[in-house]
Peer 1: 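Structure provided below as structure tokens; questions to follow.
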Amino acid sequence: MASKQVISDSNVKERLSRTMVGFLGGGRMAQAMAKGFISSGLVRARNIIVSDKSEEMLDQLGNIGVRTTMDNREVVNNSDLVVVAVKPHVVKPVLQEVKQVVSPDKQLFVSIAAGVTIKSMEQDLPEGTRVVRVMPNVPALVQAGASVLSPGTHAAIGDAQLVQELLKTIGICEQGPESLLDAVTGVSGSGPAYAFAAIESLADGGVKMGLPRQLSIKLAAQTLLGAAKMVLDTGKHPGELKDEVCSPGGTTICAMHTLEKQGFRGTLIDAVEAATLKARELGSLSAQKK
């Protein structure tokens, strides 16, 4: 594991200004990351190159000023930092395709492929290749993502900090051991779906009680957004904030009683557990295919 030595912010930003960034895969997450990097000013559009088999995807990326190609090896040849943004089952063949043009002393590989372990990435790349694995999530598309990264065996001093600085352009980013990434998947990777379901359910409740559909959806979405911001901005425990809303004998405590009777908390805990176990299973299957 790489040293946790911290490099100054100015040095990180100076390094990023010179970094050529490549994306293997130009899907939604790659587009979100590229847009975030560019809008932050950390990476110039002309310093980004993306490969994809879809002309439509490449056209969308070309519209934001990045270079595009259908040749994965061209991306690696022209990049210092390579983001592996293809589907998990495609990672191995893509890495085998580009392996011959990888220079371990030049490129840093950043994988956002769910379930693909650092070990399997390192095995598919030349010995000594620097790898950082990241678990991002869908709200990165609106620069409100939550990512956790884990540096690989050969990651150099400053690699994790460099990637973290980039990922902060699309939300928050924390660092942790790879052993936590399956649980990260269960909480933040799959979590947006739980939140979408909650927003839809709240909106349905509003409609049942007479609210117009669009107003109800807007109120439900803004309410979850506001609640999340209060947790992050105040630093208070969610339970404490919940208690502050529950006035004695009021509407909210009655609603909370109903949620508790229906197993609201336990169901969410079960959902996180189910997603985590599935992520673990997918990772094991990926490793068995090596």
Side-chain angles (χ1 to χ4, degrees), residues 29 32 36 112 114-115 133-150 160 163-165 167-209 211 213-280:
M29 194 62 70
I112 62 172
R133 182 182 169 190
V134 178
M135 182 63 231
N137 69 355
V138 167
L141 294 168
V142 291
Q143 281 73 58
S147 304
V148 176
L149 67 83
S150 297
V163 175
Q164 187 170 26
E165 191 68 29
L167 291 173
K168 283 180 179 178
T169 67
I170 55 171
I172 66 169
C173 181
E174 302 292 334
Q175 184 174 342
E178 186 178 25
S179 60
L180 297 182
L181 292 190
D182 289 334
V184 169
T185 300
V187 175
S188 57
S190 299
Y194 320 153
F196 297 146
I199 291 169
E200 182 181 32
S201 299
L202 282 171
D204 283 348
V207 171
K208 180 179 180 181
M209 301 314 295
L211 291 177
R213 170 67 63 181
Q214 289 306 312
L215 174 60
S216 196
I217 291 174
K218 184 174 289 187
L219 290 174
Q222 181 65 29
T223 297
L224 263 69
L225 175 64
K229 185 170 175 58
M230 286 185 70
V231 171
L232 293 173
D233 288 358
T234 67
K236 292 183 178 180
H237 190 281
E240 181 182 355
L241 291 169
K242 180 265 296 177
D243 288 348
E244 291 175 0
V245 184
C246 292
S247 303
T251 59
T252 308
I253 192 62
C254 289
M256 289 304 303
H257 183 205
T258 298
L259 290 175
E260 293 292 351
K261 285 194 295 184
Q262 298 301 320
F264 179 72
R265 295 175 195 244
T267 300
L268 281 176
I269 293 170
D270 287 346
V272 172
E273 181 181 27
T276 300
L277 293 176
K278 185 62 177 180
R280 198 168 293 164

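Numbering of residues begins at 1 and proceeds along the displayed sequence.
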Peer 1: Do the side chains of S190 and T185 get nearer than 4.5 Å, heavy atoms only?
Peer 2: yes
Peer 1: Using the rule given for side-chain contact (heavy atoms from CB on, under 4.5 Å), can you reason through V138 versus L141, listing the C-alpha separation, both sets of side-chain angles and the distance that settles it, and then say yes or no?
Peer 2: CA-CA 6 Å; V138 167; L141 294 168; 3.8 Å; yes
Peer 1: Which pair of non-hydrogen atoms, one from A275 and one from G186, has the smallest distance, and what is that distance?
Peer 2: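 Closest approach of A275 to G186: CB-CA, 3.7 Å.
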Peer 1: With a 4.5 Å cut-off on side-chain heavy atoms, are C246 and M256 touching?
Peer 2: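 Contact flag for M256/C246 side chains = yes.
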Peer 1: How would you list, by chain and number, every residue that makes a side-chain hydrogen bond (donor to acceptor under 3.5 Å, both in side chains) with D270, sequence neighbours excluded?
Peer 2: none
Peer 1: Do Q175 and V148 make a side-chain contact, defined as non-hydrogen atoms from C-beta onward lying under 4.5 Å apart?
Peer 2: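 Heavy-atom side-chain distance check fails, nothing below 4.5 Å.
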Peer 1: Report yes if some heavy atom in the side chain of I112 is under 4.5 Å from a heavy atom in the side chain of M29; otherwise report no.
Peer 2: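 Touching, per the 4.5 Å side-chain cut-off.
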Peer 1: Atom OG in S147, atom CD1 in I170: separation rounded to 0.5 Å?
Peer 2: 5.0 Å
Peer 1: Rounded to the nearest 0.5 Å, how far apart are CZ of R280 and OG of S179?
Peer 2: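 Here the rounded value is 9.5 Å.
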Peer 1: Which pair of non-hydrogen atoms, one from V272 and one from T276, has the smallest distance, and what is that distance?
Peer 2: O-OG1, 2.8 Å
Peer 1: Answer yes or no: are there more than 12 heavy-atom neighbours, outside M230 itself, under 6.0 Å from its atom CE?
Peer 2: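 Open.
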Peer 1: Can you tell if the side chain of S247 reaches within under 4.5 Å of the side chain of T252, non-hydrogen atoms only?
Peer 2: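 A side-chain contact is absent here, since even the closest heavy-atom pair is not under 4.5 Å.
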Peer 1: Would you compute the distance between atom CD1 of I269 and atom CZ of F264 and round it to the nearest 0.5 angstrom?
Peer 2: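 Output value for this atom pair is 10.5 Å.
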Peer 1: Could you walk me through whether K236 and D243 satisfy the salt bridge (Lys or Arg N to Asp or Glu O under 4.0 Å) test, starting with their C-alpha distance in whole Å, then the side-chain angles of each, then the deciding distance to 0.1 Å, before giving a yes or no?
Peer 2: CA-CA 11 Å; K236 292 183 178 180; D243 288 348; over 6 Å; no
Peer 1: Any idea which heavy atoms bring A220 and A203 closest together, and the distance?
Peer 2: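 Distance-wise, the nearest heavy atoms are CB-N, 4.1 Å.
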Peer 1: Any heavy-atom pair between the side chains of L277 and E273 that's under 4.5 Å?
Peer 2: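 Heavy-atom side-chain distance check passes, below 4.5 Å.
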Peer 1: Out of curiosity, C173 SG to E165 CD, how far, rounded to the nearest 0.5 Å?
Peer 2: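 So the gap between those two atoms works out to 9.5 Å.
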Peer 1: I need the R133 CZ to L181 CG distance, nearest 0.5 Å.
Peer 2: 5.0 Å
Peer 1: What pair of heavy atoms forms the shortest contact from G206 to S216, and how long is it?
Peer 2: CA-OG, 3.4 Å
Peer 1: Return the minimal non-hydrogen interatomic distance between I217 and I199, and the atom names on each side.
Peer 2: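 Minimum heavy-atom separation between I217 and I199: O-CG2, 4.3 Å.
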Peer 1: Starting at OG1 of T234, measure out to NZ of K229 and round the result to the nearest 0.5 Å.
Peer 2: 10.5 Å
Peer 1: Is the shortest heavy-atom distance from the side chain of V134 to the side chain of L167 under 4.5 Å?
Peer 2: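 Answer yes - side chains close enough.
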Peer 1: Ignoring hydrogens, what is the shortest heavy-atom contact between N137 and S188? Give both atom names and the distance.
Peer 2: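 Taking every non-hydrogen atom into account, ND2-O, 3.0 Å.
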